[in-house]
Amino acid sequence: KILSENDALESVWLPHATSVGDSAFRRCTQLAHVSLPVVESIGMNAFAGCHWLQSVSLDAQILGENAFASCSRLRKVSLPYARFASVTLFSGCVQLESVAMPIATEVRTSSFRRCLNLTEVSLPAVRRVDLFAFALCDKLEAVSFPRLESVHRSAFTHCPRLSKERISVPEHVKNTLPSSLALASP
């Protein structure tokens, strides 16, 4: 927490760090560049509120709750070894356009809630999508989860451009979705 809320911090390069603690860089509002080449885990709220952060490419397997929430300029995310999208992981990342998490098996509650610029999501290994996972994603038009086993009926609440026909999941899972994706309020 020593560096959290540091308005002067613009970049971080930690070539030997294997973990980032809870709230380590929280609300470092000028932080734009992060290089953590060997990090394996990111703690809760680690980068939450880092408004200038624009892209994230990490080899971390574990991502704490709210780790990148409200990073308002974050546009691109590549997390090739992340095992799941934790609760509110990218919630409020209003500029987020692209997400790559090829081995993640779960999208937990509100992981991508209010990611207003997210248009398409393809998470090939995801088996479970929780409550409000993609709620309020105004531009979300298509999703693909070929291995999905369960999805909460409110996972896609208030995604006005997403229709049931543009959700590519196994048929037995698609049948559990409500006919209107805007049935509940997040």
Side-chain angles (χ1 to χ4, degrees), residues 41-42 44-45 47-48 53-186:
S41 67
I42 304 287
M44 290 181 2
N45 299 301
F47 295 96
L53 195 58
Q54 293 183 23
S55 67
V56 172
S57 181
L58 301 169
D59 289 347
Q61 296 177 19
I62 308 294
L63 302 161
E65 291 181 13
N66 218 39
F68 295 98
S70 299
C71 291
S72 56
R73 286 180 179 81
L74 186 61
R75 292 182 181 278
K76 186 176 182 180
V77 172
S78 177
L79 299 164
Y81 302 105
R83 291 187 266 164
F84 55 85
S86 61
V87 173
T88 62
L89 180 62
F90 296 107
S91 182
C93 293
V94 295
Q95 296 297 318
L96 188 63
E97 298 169 349
S98 168
V99 176
M101 297 176 75
I103 68 166
T105 58
E106 297 176 30
V107 179
R108 296 185 177 165
T109 301
S110 298
S111 291
F112 296 94
R113 186 176 192 254
R114 216 170 64 80
C115 291
L116 304 178
N117 281 331
L118 197 58
T119 57
E120 292 185 24
V121 176
S122 178
L123 300 170
V126 164
R127 296 184 185 282
R128 187 178 99 202
V129 177
D130 288 347
L131 174 72
F132 304 137
F134 295 94
L136 302 168
C137 291
D138 290 353
K139 294 183 180 177
L140 189 62
E141 295 178 353
V143 296
S144 176
F145 307 116
R147 294 187 178 170
L148 195 65
E149 295 170 0
S150 70
V151 59
H152 191 280
R153 63 181 287 111
S154 296
F156 302 103
T157 298
H158 296 290
C159 295
R161 296 183 183 184
L162 183 64
S163 67
K164 200 169 176 180
E165 294 74 32
R166 299 289 313 266
I167 299 175
S168 178
V169 297
E171 200 59 38
H172 72 280
V173 175
K174 188 178 269 193
N175 291 336
T176 66
L177 290 170
S179 56
S180 168
L181 298 175
L183 291 179
S185 296

If every non-hydrogen atom of S91 is compared with every non-hydrogen atom of S110, which pair is closest and at what distance?
CB-O, 3.5 Å
Here's a test for you: under ring pair (Phe, Tyr, Trp, His ring centres under 6.0 Å), which of F132, F134, F68 qualifies with F112?
F134
Say whether, by atom type as modelled, one donor and one acceptor occur between the side chain of S111 and the main chain of S86 under 3.5 angstrom.
yes
How many angstroms lie between atom CD of Q54 and atom CZ of R75, to the nearest 0.5 angstrom?
7.0 Å
Not counting sequence neighbours, which residues clear side-chain contact (heavy atoms from CB on, under 4.5 Å) with S98? List them please.
K76
Side chains of residues 143-151: which donor-acceptor pairs under 3.5 Å do they make with residues two or more places apart or in other chains?
from: E149; atom 1: OE2; to: R127; atom 2: NH1; distance (Å): 3.2

Rounded distance (nearest 0.5 Å) linking atom OG of S72 with atom CG of L96:
11.5 Å
Please enumerate all residues that pass side-chain contact (heavy atoms from CB on, under 4.5 Å) together with S57, with sequence neighbours excluded.
S78
If you measure from CZ on R113 to CG on L89, what distance do you get to the nearest 0.5 Å?
15.0 Å
Please report the closest heavy-atom contact between L58 and P80, naming both atoms and the distance.
O-CD, 3.3 Å
Can you list everything that forms a side-chain hydrogen bond (donor to acceptor under 3.5 Å, both in side chains) with T88? Sequence neighbours excluded, please.
N66
Find the distance between CZ (R166) and CD (E120) and round it off to the nearest 0.5 Å.
6.5 Å
State, to 0.1 Å, how close P124 and P102 come at their nearest heavy-atom pair, and which atoms those are.
CG-O, 3.7 Å
Listed by chain and number, what are the side-chain hydrogen bond (donor to acceptor under 3.5 Å, both in side chains) partners of E165, not counting sequence neighbours?
S163
Taking all non-hydrogen atoms of both residues into account, name the closest pair between R108 and F84 and its distance.
NH1-CE1, 3.3 Å
Enter the distance from N45:CG to E65:CD here, rounded to the nearest 0.5 Å.
8.5 Å
For C93 and S70 the tightest heavy-atom approach is SG-N, 4.1 Å
What's the spacing between H152 NE2 and T109 OG1 if we round to 0.5 Å?
8.0 Å
Test item: R83 and T105 side chains (from C-beta on) under 4.5 Å apart, heavy atoms:
no
Hey, can you pull the donor-acceptor pairs under 3.5 Å for the side chains in residues 135-142, sequence neighbours left out?
from: K139; atom 1: NZ; to: N117; atom 2: OD1; distance (Å): 2.9

Closest approach of V173 to T176 (non-hydrogen atoms, all atoms of both residues):
O-OG1, 2.6 Å
